[in-house]
Amino acid sequence: DIVYVGGGNTASMLTVWRAHGLDDVLTRAWEEGVVLCGLSAGMNCWFEESVTDSFSIGDLAPLTDGLGLLRGSCCPHYDGEKQRRPAFHRFIGSGELSSGWAADNGAALVFSGTELDEVVSSRAGAAAYRVEKASSGVSERTVAARYLGC
């Protein structure tokens, strides 16, 4: 009914999945309505592209070969690591990544199929963002989250 993927090394995880055919299994599961979710690398894997530190710890780089179930790019830890936001802006502005979604720590993007349905949060004040290439560089729009706490 649900597949939850935790954090880790996105590039290594995708390589192992592909070597064992798990990428196809997960794609079929998604097509059959299984809930796919996760955080950090478990967010990155579902998108076409993402921001990752998979190639060198502490150095962020674009990853352009995600599973591609969700179009565009993503960036987890948007407020949790000070270099994430500027790196995502830089990669989108330069065209290294497509426009995409970013999530603060504690925020979750909820998709119905390939469309964003809502953003929920386990942490007050956490949000998500739509980041797009614009004529003036990059535009960022905040998507408020529904706080799930008391």
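Linking Ile, Leu, Val, Met, Phe, Trp and Tyr whenever their side-chain heavy atoms come within less than 4.5 Å leaves Phe88 and Phe55 in two separate clusters. Residues Val5 and Val51 do not share a hydrophobic cluster, defined by chaining ILVMFWY side chains whose heavy atoms lie under 4.5 Å apart. In the hydrophobic clustering of ILVMFWY residues, with side-chain heavy atoms under 4.5 Å counting as a link, Leu116 and Leu97 come out apart. In terms of hydrophobic clustering, with Ile, Leu, Val, Met, Phe, Trp and Tyr side chains grouped at heavy-atom distances under 4.5 Å, Leu148 and Val110 are assigned to a common cluster. In the hydrophobic cluster analysis, where Ile, Leu, Val, Met, Phe, Trp and Tyr join through side-chain heavy atoms closer than 4.5 angstrom, Leu67 is grouped together with Trp30.
When all heavy atoms are compared, the tightest approach of Ser50 to Ser73 is N-CB, 4.5 Å. Looking at every heavy atom in both residues, Ala126 comes nearest to Gly106 through CB-C, 4.2 Å. Summarising the geometry of Ile92 relative to Ser98, their closest heavy-atom pair is CG1-O, 3.5 Å, with the distance given to 0.1 Å.
A donor-acceptor contact shorter than 3.5 Å is absent between the side chain of Thr64 and the backbone of Glu49. Remark: the backbone N or O of Ala11 is paired with a side-chain donor or acceptor of Ser54 at under 3.5 angstrom. Between the side chain of Ser121 and the backbone N or O of Arg123 there is at least one donor-acceptor pair closer than 3.5 Å. Between the Thr52 side chain and the Ala61 main chain, no donor and acceptor come within less than 3.5 Å of each other. Between the side chain of Lys133 and the backbone N or O of Val138, no donor-acceptor pair lies under 3.5 Å. Between the Asp104 side chain and the Ala127 main chain, a donor and an acceptor come within less than 3.5 Å of each other.
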For this session: Would you sort out whether Ser99 and Arg130 count as a side-chain contact (heavy atoms from CB on, under 4.5 Å), showing the intermediate values?
Result: CA-CA 8 Å; Ser99 296; Arg130 179 66 183 168; 3.8 Å; yes

Exercise. Between Leu39 and Tyr4, is a side-chain contact (heavy atoms from CB on, under 4.5 Å) present by the stated rule, with each step listed?
Worked result: CA-CA 8 Å; Leu39 58 83; Tyr4 177 86; 3.0 Å; yes

For this session: Report the C-alpha separation of Val143 and Trp101 in whole Å, then their side-chain angles, then the decisive distance to 0.1 Å, and conclude whether the side-chain contact (heavy atoms from CB on, under 4.5 Å) test is met.
Result: CA-CA 10 Å; Val143 181; Trp101 298 99; 4.0 Å; yes

Problem set entry | Stepwise side-chain contact (heavy atoms from CB on, under 4.5 Å) test for Leu14 and Leu63 | CA-CA 11 Å; Leu14 289 167; Leu63 184 140; 3.9 Å; yes

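Here Ser94 contributes atom OG and His89 contributes atom NE2; the two are 12.5 Å apart, rounded to the nearest 0.5 Å. Note that CD of Glu96 and CZ of Arg90 are 8.0 Å apart. Values are rounded to the nearest 0.5 Å. Note that SG of Cys37 is 13.0 Å distant from CZ of Phe111, once rounded to the nearest 0.5 Å. In this structure, OG1 on Thr27 lies 9.5 Å from CH2 on Trp17, to the nearest 0.5 angstrom.
Counting only heavy atoms from C-beta outward, the side chains of Arg18 and Asp65 approach each other to under 4.5 Å. By the 4.5 Å heavy-atom criterion applied to side chains, Arg84 and Asp53 are counted as neighbours. Contact check for Val131 versus Arg85: no side-chain heavy atoms found under the 4.5 Å cut-off. The side-chain heavy atoms of Cys74 and Trp46, taken from C-beta on, include no pair separated by under 4.5 Å. Within the 4.5 Å cutoff, the side chain of Met13 has no heavy atoms near those of the Asn44 side chain. For the pair Val35/Asp1, no side-chain contact is recorded, criterion being any heavy-atom separation below 4.5 Å from C-beta on. For the pair Leu69 and Leu36, the minimum side-chain heavy-atom distance is below 4.5 Å.
Taking the six-membered ring where tryptophan is involved, the planes of Tyr78 and Tyr129 are tilted, since the angle between them lies from 30° to 60°.
The number of heavy atoms from other shown groups lying within 6.0 Å of CZ (Arg71) does not exceed 12.
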